[in-house]
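All values reported here derive from a predicted model rather than from experimental measurement.
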Amino acid sequence: MSTVDDLLARSNRLGADPTTTNFAGGNTSAKGTAIDPVTGTETELLWVKGSGGDLGTLTESGLAVLRLDRLRALVDVYPGVEREDEMVAAFDHCCFGKGGAAPSIDTAMHGLVAAPHVDHLHPDAGIAIATSADGEQLTKEIYGDRVRWVPWRRPGFQLGLDIAAIHDAHPDAIGVILGGHGITAWGATSDEAEANSRWIIDTAAAHLAAHGVAEPFGPVVPGREARPEGERRAIAAALAPRLRGVASRDHRMVGHFTDTDVVLDFVAREELERLVELGTSCPDHFLRTKVKPLVVPADVTDDELAALHDAYRADYAAYYDRHATADSPAMRGADPLIVLVPGIGMFSYGKDAQTARVAGEFYVNAINVMRGAESVSTYAPISEAEKFRIEYWALEEAKLQRLPKPKRHAGRIALVTGAASGIGRAIAARLAADGASVVIADLDAGRAAEAAADIGGPDVARGVACDVTDPAAVQAAVDATLLAFGGIDLVVNNAGLSISKPLLETTEEDWDVQHDVMAKGSFLVARAAARAMVAQGVGGDIVYIASKNAQFAGPNNVAYSATKADQAHQVRLLAAELGEHGIRVNGVNPDGVVRGSGIFAGGWGAQRAAVYGVPEEELGEFYAQRTLLKREVLPEHVANAVSVLCSDELSHTTGLLVPVDAGVAAAFLR
């Protein structure tokens, strides 16, 4: 294997274990040679994971490639620790060739250490030693001279110089414990570097297991014990929209719920409040989780929750004011990103589902770190001032400013009924493409799960079973949405069916089944979703997929058209009622959506083709020819209308029914 292949394989192995390093955290590197196409001579190079990449999924495009001679020459022009941030821009002048990832702040650590292969990781066990009050002594006790202690220093050029000096002064050392931060290890080969990294981590874990006290977080506090799973999940679903509102006062957030044993044990213990106040330590942790979480009782009232939220915001603002300078970026928001609920679990928040999930994973890492440190010493994270320097670092702010503009529905959570196929699936796919987290509800749980997987997987879409005629099933689907993504912003009432018969052949069963699914079903879904939206306090959208038939009187269609008219009037009624909560209610009136339609494929197409006397395969073209635009309507066209209706561009529109029928004059709204 080549140097790069070896590096990528090692990186992926190390990054696959969340206890070894967290998502997008840590970095690995390898040194080697390549031919310089300008001079034709061999040139020493450094391949190192670039800024923002993830070790577990790292590919060659995620590597920064630098000339070692130029990188090491930066030592001669280094202006000192007070100006070390300037060196990040200087890394760009050391890059070799075109393309590749941007060099990260840790590039100096990898380039200045003389070893051919270097790993910098954030393992729970290693950080437990690094954040112990007795960390330096423990490092000596655990590792002897094989691993050295480096006092806390913010990542940067000077830290690279410090580690390089230890490597050169202690030839028997295989790595270092970085105070308050993590570990760095090295080796002559890729396998040796990986083995040394794992030995440092495994040795720390073994020491903690052998010498740590049994209950470092203290005894369980009566009343904080984990509730039974069913009760726990029901309480979490009820809390979710209220907590989403807390996390979203400054910026709309997506949530993630975690009730693993690690979390439930931590929130039950006596030392919870003390440790929560100390906050996290590893820079990667508190950048994702804020310096500390908010703790909320499971039975919190609205007034109590508001008071806790206000106190948290005031405390965070005071933290900002204590440390901000004239050059500091503006405060980015004072809402919590981690909310702990004793007996129930943890809610974590971020700009999208992946960020929210990862924030929760990072806080689980932090719990493991605190447990390890408390078991053999006292947890002693870096100071509040140093945390602020990291959180409001100019380099971090520049990284945030480089992020692409959010998509139209970024940060929004959608529930679409009848979405395993046809119009519903097209709507779900469009909302996901526009940045929303989407729950696909359908009678067929298997098809719903398949559709969700096709659209993007669990950080983008989830599938749930739902019979919209059953109030309990509807509430379960809404609860599943709340637990999957922390809230609900956008509901699309799309589930439907149709039976085409003349009046005299239409049975009561025909009438009832269509009204149960579309009229009653839409009412049940809207009611359950509106409860959650009102509790969130951040507004929302409800969209009905009605029909041209809600306005147009066609033949042999009384039951279907009547229930579509019911849906259309629900739009008006709910718009009038829910406006005070910032919830918009609008609808779409499609017509002639034959291709890709589940309803038409289920027999409706054959029935309508018979009514109009055309072959079923020509029904779409028949519908197109009777329109003003002479265009066939597809599921994607309905999805486009939904996306626009729920967007900020139409933020002042409610009670509207939008025709997506290519122009049917008889169905004009009036």
H251 side-chain N/O to R332 backbone N/O, donor-acceptor pair under 3.5 Å
yes

Plane angle bin for H515 and W511 - parallel if under 30°, tilted between 30 and 60°, otherwise perpendicular
parallel

Treating Q514 as the side-chain partner and I499 as the backbone partner, does any N or O pair qualify as donor plus acceptor under 3.5 Å?
yes

Any donor-acceptor N or O pair under 3.5 Å, side chains D54, T57
yes

Test your reading of the model: is there a side-chain donor-acceptor pair from T654 to the backbone of V585, 3.5 Å cut-off?
yes

From CG (L305) to CZ (R242), nearest 0.5 Å:
5.5 Å

Tell me whether S248 contacts the main-chain N or O of R244 through its side chain, where contact means a donor paired with an acceptor under 3.5 Å.
yes

Between D591 and R626, does at least one N-O distance fall below 4.0 Å, as a salt bridge requires?
yes

Look only at the side chain of S547 and the backbone of N589, and say whether a donor-acceptor pair between them is shorter than 3.5 Å.
no

Looking at D510, N556, T507, which hits side-chain hydrogen bond (donor to acceptor under 3.5 Å, both in side chains) with K501?
D510

Please set out all donor-acceptor pairs under 3.5 angstrom arising from side-chain atoms of residues 335-348, sequence neighbours excluded.
{"unit_1": "D335", "atom_1": "OD1", "unit_2": "H309", "atom_2": "NE2", "d": "2.8"}
{"unit_1": "D335", "atom_1": "OD1", "unit_2": "R313", "atom_2": "NH1", "d": "2.6"}
{"unit_1": "D335", "atom_1": "OD2", "unit_2": "R249", "atom_2": "N", "d": "2.9"}
{"unit_1": "D335", "atom_1": "OD2", "unit_2": "D250", "atom_2": "N", "d": "2.8"}
{"unit_1": "S348", "atom_1": "OG", "unit_2": "A356", "atom_2": "O", "d": "2.7"}
{"unit_1": "S348", "atom_1": "OG", "unit_2": "G360", "atom_2": "N", "d": "3.3"}

Interatomic spacing from OG1 in T481 to CG in L415 - rounded to 0.5 Å:
4.5 Å

Is the backbone of P590 close enough, under 3.5 Å, to the side chain of D661 for a donor and an acceptor to pair up by distance?
no

With a cut-off of under 6.0 Å to the ring centre and 45° to the axis, is R462 in cation-pi contact with F485?
yes

Basic-acidic side-chain contact under 4.0 Å: E649, R408
yes

Measuring from R224:CZ to F266:CZ, what's the distance to the nearest 0.5 Å?
10.0 Å

With rounding to the nearest 0.5 angstrom, report the CG to CG distance, N557 to N549.
5.0 Å

Could you measure the distance from the CG atom of L490 to the CD1 atom of I413? Nearest 0.5 Å is fine.
10.5 Å

What closest approach, in Å, do Y312 and P293 show between heavy atoms, and which atom pair accounts for it?
CE1-O, 3.5 Å

Evaluate the criterion side chain to side chain donor-acceptor pair (under 3.5 Å) for residue pair N640 and S643; output intermediate values, then yes/no.
CA-CA 5 Å; N640 294 342; S643 180; over 6 Å; no

State whether D489 and R252 are salt-bridged, where the test is any N-O pair (Lys NZ or Arg NE/NH1/NH2 against Asp/Glu carboxylate O) under 4.0 Å.
yes

For D259, is there an ion pair with R233 - N to carboxylate O distance below 4.0 angstrom?
yes

Pair R595 + E632, salt bridge at N-O below 4.0 Å:
yes

Answer yes or no: is there a donor N or O on one side and an acceptor on the other, between the side chain of K520 and the main chain of D470, under 3.5 Å?
no

Between the side chains of E391 and Y319, does any donor sit under 3.5 Å from an acceptor?
yes

Assess, by modelled atom type and distance only, whether the side chains of D303 and T301 contain a donor and an acceptor separated by less than 3.5 Å.
no

Please check if the side chain of Q567 supplies one atom and the backbone of M518 the other of a donor-acceptor pair under 3.5 Å.
yes

Within 6.0 Å of CD in E231, more than 12 heavy atoms from elsewhere:
yes

Would you tell me whether S651 and D648 have side-chain atoms, one donor and one acceptor, within less than 3.5 Å of each other?
no

Between H581 (side chain only) and L578 (backbone N and O only), is there a donor and an acceptor less than 3.5 Å apart?
no

Quick test of your reading of the model: are R584 and D541 salt-bridged, counting only N-O distances below 4.0 Å?
yes

So does E509 have more than 12 non-hydrogen atoms from other groups sitting under 6.0 Å from CD?
no

Parallel, tilted or perpendicular: which one describes the rings of F622 and Y612, with boundaries at 30° and 60°?
tilted

